[in-house]
Amino acid sequence: MIDVRLLRTQPDQVRTALTRRAKPEILEQLDHALRLDVRLRDIVTERDASRARINELSKEVGVLRRDKKDAEPLMAESRTLGDREKVLDEEYLQVESTLRDVLLRIPNLPHPESIDGAGSDDNKVVRGPLLMPTEFAAHQRVPHWETGMALGILDAERAVKISGAMFTMQRGLGATLARALCQFALDRHADAFEEIRPPSLVTTATLTATGQLPKFADDAYNIGRDDLWCIPTAEAPLTSMHAGEILDESHLPVRYMAFSPCFRREAGSAGRDTRGMLRSHEFDKVEILALTTPENAPAMLEEFIERVTATIAALGMPYRLLEICTGDMGQSHHRSIDVEIYAPGCDQWLEVSSISWFSDYQARRGDIRFRRDGKKGTEFVHTLNASALAVPRVWAAILENFRNQDGSVAIPAVLHPYMRGATIIPTKRQ
RNA sequence: GGAACGAUGGCAGAGCGGACGAAUGCACCUGUCUUGAAAACAGGAGUGGGUUUACGCCUACCGGGGGUUCGAAUCCCUCUCGUUCCGCCA
């Protein structure tokens, strides 16, 4: 959530920043919020004054009563004020919830260094491609779904039978490989991040804090009967761990990592990437996350970029980094960098990690604050997170990059420790 | 799922219609004392909102929401969560 005070005191600054997002309707929302804010403050002022008078009266009534004097006129005045207050209260609640709803839908201010652009075509490659061979062999130009089926490690048909379209299933060494990727990613960051195994179902408040709700409700699975949501990423539960808390500065940064399943309805993407492992309703991911002070956030972003890049590079596949432009950034994002791996079989750059800095946007929604040592008052923390590794796309890229001439697939050396001795996924006949 | 009890400041724990933002203890901060520390003594200290150039003033907050009342931490209703017991289960 953006800071309503900033909007109130520096409306032009906020307007200019959000204009960069290239979505005109945002500016209308700003004006709406501004109008509601004015009205809300009027109500609060009148309501507080009324309360003050009631408090005064009730004290006087107490005194008169004790002295056995007539207090009825004061009581009558108080009753009248009470009636008025009730009316104001109702309007306050109504205006306040409308304002909150409007504010929750206004996106974050982009970072000054984020590049301007209208959509994904304007994203800019800022590093790489690295580890890119001059050319790929013909046997690498086979899409992973064909290789996966041929090797018997991917069973898309049965996944569809069990769960419907856009679900997938790995078997045998394919399943082991998927789990190995998780274990590998977790181990890469265990030096600095506490491992969490969070719940996969969370409350509405939790998904609101990170920004998935209320605006993107259609993208998430809702368990209406119990008012719970399936997490689209571990970012949601990890961020909300400290919701409503005031942390000591000395405890920052807080660093967590988690393996979790991720559930996405993929509303609006029907027909896209339907084959294979590139887009599905459920997938596994290892996420890293930090809560930090505003001044330490840029360094944390750099650290996240280096950590994720090093993890991906260790797998030995071609990759590049993209700076996401203002028009393509997610609602909560202040700045984002994507890591993509090249998959020669389907000839696509696959997004396997998104590294994001949310400034205080999520912290304000989730009410996550910190207190500076020896200082009064509180400030909102900054949140950052990154996919350490998104399993299915990396899995797919491995099947394409490391496919041998005979159709078998070599397993990257860094994963060998997690593969029960396997170094290759052999063809069925072997 | 059933029953009982509970939820108060960083923690512990009083208060059960009026002077209660809330006793007391611990922890914390600042003084005095001390070469320094401890102890002792004195004092200070919560969060949000509104208003003010500012000192400040007002307001809300005793798990959440609603009600009764001139007035609610305190009475009533309701929800959530916790503990214990029973049932059921991985």
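All of these numbers come straight from a predicted model, not from anything done at the bench. Both backbone and side-chain heavy atoms feed into the values below; hydrogens, waters and symmetry mates do not.
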Checklist outcome for this item: Taken to the nearest 0.5 Å, the spacing of A/Lys23 NZ from A/Gln331 CD works out to 10.5 Å

Checklist entry - So, is A/Arg47 near the phosphate of B/U59, with a side-chain N or O under 4.0 Å from OP1 or OP2? => result no

Checklist entry - Nearest to the side chain of A/Ile246, which nucleotide is it out of B/U47, B/C70, B/G50? => result B/U47

Checklist entry - Roughly how many Å is it from CZ in A/Arg65 to C1' in B/G71, rounded to a whole number? => result 10 Å

Checklist entry - Are A/Phe184 and A/Tyr418 side-chain neighbours, meaning at least one heavy-atom pair lies under 4.5 Å? => result yes

Item to check | Nucleotide B/U51, atom P - distance to CD1 of A/Ile43 in whole Å | outcome: 13 Å

Checklist entry - If the C1' atom of B/U8 is compared with that of B/A72, how far apart are they to the nearest Å? => result 14 Å

Next on the checklist: Taking B/U80 as the reference, what is the distance to B/G64 when you measure between their P atoms (whole Å, please)?
Outcome noted: 15 Å

Next on the checklist: Nearest to the A/Asp48 side chain among B/G71, B/G50, B/G49, which nucleotide is it?
Outcome noted: B/G49

Checklist entry - Below 4.0 angstrom, N of the basic side chain to O of the carboxylate: do A/Asp101 and A/Arg105 qualify? => result yes

Next on the checklist: Expressed as a whole number of angstroms, how long is the span from A/Lys376:NZ to B/A45:C1'?
Outcome noted: 7 Å

Item to check | Closest-nucleotide ordering on RNA chain B, the 5'-leading residue of A/Val63 and A/Ala49 | outcome: A/Val63

Next on the checklist: Could you check whether A/Arg307 pairs with A/Asp191 (Lys NZ or Arg NE/NH1/NH2 to Asp/Glu carboxylate O, under 4.0 Å)?
Outcome noted: yes

Checklist entry - Contact class for A/Ala52 (heavy atom, under 4.0 Å): base, sugar-phosphate, or nothing? => result sugar-phosphate

Next on the checklist: If the threshold is 4.0 Å, N to carboxylate O, is there a salt bridge linking A/Arg264 and A/Glu282?
Outcome noted: no

Checklist entry - Above 12 or not: heavy atoms from other molecules or residues under 6.0 Å from CZ of A/Arg197? => result yes

Next on the checklist: At less than 4.0 Å, is any side-chain N or O atom of A/Thr378 found next to OP1 or OP2 of B/G48? Yes or no.
Outcome noted: yes

Checklist outcome for this item: Taken to the nearest whole Å, CG/A/Asp373 to C1'/B/A45 is 16 Å

Checklist entry - In whole Å, what is the span from the CG atom of A/Leu99 to the P atom of B/G50? => result 11 Å

Next on the checklist: Measuring from the side chain of A/Val44 (C-beta onward, heavy atoms only), which nucleotide among B/U59, B/U51, B/G49 has the closest atom?
Outcome noted: B/G49

Next on the checklist: For a quick check of understanding: with a heavy-atom distance under 4.0 Å over all strands, which category does A/Ser78 fall into, base, sugar-phosphate or nothing?
Outcome noted: sugar-phosphate

Item to check | Any A/Arg79 side-chain N or O less than 4.0 Å from OP1/OP2 of B/C70 | outcome: yes

Checklist entry - Can you tell which of B/A45, B/U51, B/U68 lies closest to the side chain of A/Lys86? => result B/U68

Next on the checklist: If I pick the P atom on B/U47 and the same atom on B/A42, what distance separates them, to the nearest angstrom?
Outcome noted: 26 Å

Next on the checklist: In whole Å, measure the gap between the C1' atoms of B/A3 and B/G87 for me.
Outcome noted: 11 Å

Next on the checklist: Just the rounded figure in Å: distance from P of B/U51 to CD of A/Glu46.
Outcome noted: 14 Å

Item to check | Carboxylate-amine/guanidinium proximity below 4.0 Å for A/Glu113 and A/Arg335 | outcome: yes

Checklist entry - So what does A/Arg5 hit on the nucleic acid, given a heavy-atom distance under 4.0 Å: a base, only sugar-phosphate, or nothing? => result sugar-phosphate

Checklist entry - Is it true that atom CZ of A/Arg20 has more than 12 heavy atoms of other residues, nucleotides or ligands lying nearer than 6.0 Å? => result yes

Next on the checklist: Taking B/C76 as the reference, what is the distance to B/G17 when you measure between their C1' atoms (whole Å, please)?
Outcome noted: 13 Å

Item to check | Carboxylate-amine/guanidinium contact A/Glu46 A/Arg84, below 4.0 Å | outcome: yes

Checklist entry - Going by an N to O cut-off under 4.0 Å, is there a salt bridge joining A/Lys86 and A/Asp83? => result no

Item to check | Inter-nucleotide C1' distance (B/G63, B/U83), Å rounded | outcome: 15 Å

Checklist entry - Is a donor-acceptor pair below 3.5 Å formed from side chain A/Asn55 to base B/G71, judging by atom type as modelled? => result no

Item to check | Near-strand residues of residues 364-372 of chain A, defined as heavy-atom separation under 4.0 angstrom from RNA chain B | outcome: A/Arg369, A/Arg371

Item to check | Nucleotide-level pairing of RNA chain B, given in dot-bracket where Watson-Crick and G-U pairs need both distances under 3.5 Å and | marks other strands | outcome: ((((((((.[[[..)..(.....]]].(((((.......))))).((((((....)))))).[[[[[..)....]]]]])))))))....

Checklist entry - Taking atom P in both B/U24 and B/U84, what distance in whole Å separates the two? => result 33 Å

Next on the checklist: Mind checking if A/Gly377 touches a base, just sugar-phosphate, or nothing, with heavy atoms under 4.0 Å?
Outcome noted: sugar-phosphate

Next on the checklist: OP1 or OP2 of B/G49 versus the side-chain N and O atoms of A/Arg8: is any pair under 4.0 Å?
Outcome noted: no

Next on the checklist: With a 4.0 Å cut-off on N to O distance, would you call A/Glu379 and A/Arg372 a salt bridge?
Outcome noted: yes

Item to check | For atom CE of A/Met75 and atom C1' of B/U68, their distance in whole Å | outcome: 13 Å

Checklist entry - Rounded to whole angstrom units, what separation is found between the CG atom of A/Leu57 and the C1' atom of B/C70? => result 8 Å

Checklist entry - Using atom P of each nucleotide, how far apart are B/G49 and B/C41 to the nearest Å? => result 39 Å

Next on the checklist: I'd like to know if A/Arg79 and A/Glu72 make a salt bridge, using a cut-off of under 4.0 Å between side-chain N and carboxylate O.
Outcome noted: yes

